[in-house]
Amino acid sequence: MFESAIDKKGKKKDILEVTMTDFHLPIIDLSKSKTHRDELSRQLVNALETVGFLYIDNVEGADFEKMFQCSKWFFDQPNEIKRKVMRNYWNPENTNLYRGYFPVVEDYPNHNECFEFGRDISDDDKDNNPENWFYERTPWPKEDTKFAFKDVYQNQYEAAHTAAMEILRLVARGVGLGEETFVEMFTDKPCSTFRMTHYPPWNDTPSPNAIITDDGKCVTLSQHTDTNFLTLVCTFAYQGLEILGADGSWNPVAPRKNSFVMNIGDLFAKMTNGRFKATIHRVLDIGVDRYSSGFFLEPSYESDVGINLLSKSEDSKHIPEKYGPYMINATKYVKQHYLEYEGLPDFENVREKYYGKNKDELLN
């Protein structure tokens, strides 16, 4: 169903209005985490074992209005401003490989542009490999007097990180483990990413490579599971996000004001031996500019992700695996459709370590 709206140029155009169904996500009110701890723990575990998506309300310090204003401010900047913080893959004049801006690629199925950053580590950190782009410093855009862009988003990163730690404590409690069981990997130098995204509409002329659904809708972010540990996304009340149900149907995620949509990634599913579900999702083109901001929780580079977090005793099948190489392998060699990982050097020679001398045959 479509309704009319006015675009940025003052032209009337159609917006995709998703018909909401009886599908509803669980709601977790974090303001009750001290008074209703056991209840929230049970709700979280049930959600992660079934649908894999839920709403998180009342995240302390979250400022959705400022995030939206700053996101709009950045993506409305002229291209020459954005090019100054563009990744090296798209602007060889720059040195940043991983953090910063990447543009819309017109002949690519996904139709979005992003700016992302992480938490800086100390310049005096002698343990960090200079080639390790996970920890490179973020190039920030030059600001005007309208918004303290960097301060706002760094504060939102910390608010989301704090909320994620509380969620993990509640989940651990819900499965009968010590509350700090899941958080230890994130206390020192997490590789987490905060990403703001703009989905411009295709404007009735999608790329030949665009994905069109069976009912004629255009996909602007193709179906996928997240690779990281846990994700908190603010959709700014925009429709378009859909998740794949167990019955094979696509279910729209209803916008919820001042709430994060939470899901877990492949890593959390892997480290709980599949008990928790990384759910497939996608984003539809809604006919107008769509914005979102997401926090992607990731462990430190050196964290051992080969363990089973739910095992109370030493697992005899445990094979140590560092998060960094795991992520490089997952994004460069397993899920090879991630545009945001294009051009990133395999500085640990992960390809050969994982696939040996026959790596070309195994990957092709």
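Under a cutoff of 6.0 Å and an axis angle of 45°, R195 and F296 form a cation-pi pair. Both tests pass for R290 against the ring of Y199: distance under 6.0 Å to the centre and angle within 45° of the axis.
When the side chain to side chain donor-acceptor pair (under 3.5 Å) test is applied to D120, the partners found at least two apart in sequence or on another chain are R137. Under the ring pair (Phe, Tyr, Trp, His ring centres under 6.0 Å) criterion, Y98 pairs with W133, F134, sequence neighbours left out. Legend: residues meeting ring pair (Phe, Tyr, Trp, His ring centres under 6.0 Å) with Y323, ordered by chain and number and at least two apart, are absent. Listed by chain and residue number, R256 satisfy the salt bridge (Lys or Arg N to Asp or Glu O under 4.0 Å) test with D57 (two or more places apart in sequence, or in another chain). Under the ring pair (Phe, Tyr, Trp, His ring centres under 6.0 Å) criterion, Y89 pairs with no residue, sequence neighbours left out. Partners of F68 by ring pair (Phe, Tyr, Trp, His ring centres under 6.0 Å), not counting sequence neighbours, listed by chain and number: F236, Y291.
Within the 6.0 Å centre-distance limit, the rings of F182 and F268 are counted as a close aromatic pair.
With no hydrogens or angles considered, a side-chain donor-acceptor pair links D226 and T231 at under 3.5 Å. Between the side chains of N91 and Y101, no donor-acceptor pair of N or O atoms lies under 3.5 Å.
Side-chain contact between I264 and T272 is absent, with no heavy-atom pair separated by less than 4.5 Å.
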